[in-house]
Amino acid sequence: MKVNVLLSPLNADDLYFTGKTTVVIDILRATSVIVTALGNGAREIIPVNTVDFAMKVSGNAFGGQTLLGGERNTKKIEGFALGNSPIEYNTETVKGKSIILYTTNGSKAIVRAKFSENLFICSFGNLNAIAEHLVKLNKDVVIVCSGTNGMFNLEDTICAGKLITEMLKMNEEIELTDASNASVTLNKSFGKSLNKMLSQTEHGKLLIENGFSEDIKICAKLNTHDIIPYYDSGVIKLQKTESEKSVESES
Ligand code: MLT
């Protein structure tokens, strides 16, 4: 089993992902929002790569239970019900809802990886659940760091490094690429205090400047949700975790 890390989604085009097992990370804040929303009972998340498409999709069926969420320049978009703060995606607001999500980097990275055979969504909040699931799946993995405007960012790479570190605890034979080794090393150097690390990143500082310091604290929390968000045919839903599967097979 081999694990690679793309330090920016622009390192690959859409067709690269055909047949791959892929994990997308956007810690500040798209994948943290997706994990929070699904963990709090949202029915599904529909990631989109343009605001126009978000508007179009929201005009369609989905049983009248849709919410438009996301950001432009970190702020809520006019006409959208929700911004891109995990705090907004509480149980009361999202339970049973289909959420159409547009964000500057994260939702676009997910859409870019849409041809993957398996496509998972990871944040610090569900890191161990994803690590365990990938090791059981035992397929080569590509981890996509959503980055910032096509550039490298520290927070997504550190999450990739932490994910790989957890996987190595379960299977020390996993083969790493240079980018995977670099991510593991960055996590060793900067991944001890996630809250501090996030506050010092470029995007973290921008979020604090724009009044979103509470988001940093939430996005920094490890393993708050034992869930595996899985993208299939344009929609992200929950897949059963390994612990749920083993409980089922025992009963
Ligand atoms: C993104 O996708 O670029 C982010 O989630 C941006 C943000 O929420 O600040």
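Positions are given from 1 along the sequence. Given the structure is predicted, the values throughout are model-derived calculations rather than measurements. Each ligand, and each atom within it, is numbered from 1 in the order the structure gives.
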To the nearest 0.1 Å, how far is [atom] from its closest protein heavy atom, and which atom is that?
atom: atom 8 (O) of ligand 1; result: Asn84 ND2, 2.6 Å
atom: atom 3 (O) of ligand 1; result: Asn105 ND2, 2.6 Å
atom: atom 6 (C) of ligand 1; result: Glu71 OE2, 3.3 Å

So, regarding [X] and ligand 1 (criterion: nitrogen or oxygen to nitrogen or oxygen, under 3.5 Å), is there a contact or not?
X: Ser107; answer: no
X: Thr74; answer: no
X: Leu207; answer: no

Could you go step by step and tell me if Lys20 and Asp140 meet the salt bridge (charged side-chain N to carboxylate O under 4.0 Å, His left out) rule? CA-CA 8 Å; Lys20 299 260 191 320; Asp140 290 351; over 6 Å; no

I'd like to know if the side chain of Ser180 pairs up with that of Ser183 as donor and acceptor (distance under 3.5 Å, no hydrogens or angles considered).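 There is no such pair (donor and acceptor under 3.5 Å, judged by atom type) between the side chains of Ser180 and Ser183.
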
Atom indices of ligand 1, in the order listed, that fall short of 4.0 Å to a heavy atom of [X]:
X: Gly106; value: 1 (C), 2 (O)
X: Leu28; value: 4 (C), 5 (O), 6 (C), 7 (C)
X: Ala30; value: 2 (O), 5 (O)

Contact check, side chains of Phe212 and Leu28, non-hydrogen atoms, under 4.5 Å: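 No. Closest side-chain heavy atoms not under 4.5 Å.
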
Spatial distance of atom CG (Leu198) from atom OG (Ser213) [nearest 0.5 Å]: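 One gets 12.5 Å once the value is rounded to the nearest 0.5 Å.
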
Over 60° means perpendicular and under 30° means parallel, so classify the ring planes of Phe120 and Tyr230, tilted if in between.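 Tilted.
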
Applying salt bridge (charged side-chain N to carboxylate O under 4.0 Å, His left out), run through Glu132 and Lys136 and close with a yes or a no. CA-CA 6 Å; Glu132 195 182 337; Lys136 291 252 163 70; 3.7 Å; yes

Sort out for me which residue in Ile45, Leu38, Asn40 forms a side-chain contact (heavy atoms from CB on, under 4.5 Å) with Val94.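 Testing each of Ile45, Leu38, Asn40 against Val94, the sole residue satisfying side-chain contact (heavy atoms from CB on, under 4.5 Å) is Asn40.
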
Is the closest heavy atom of His203 to ligand 1 under 4.0 Å?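 Yes; His203 lies near enough to ligand 1 that a heavy-atom distance drops under 4.0 Å.
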
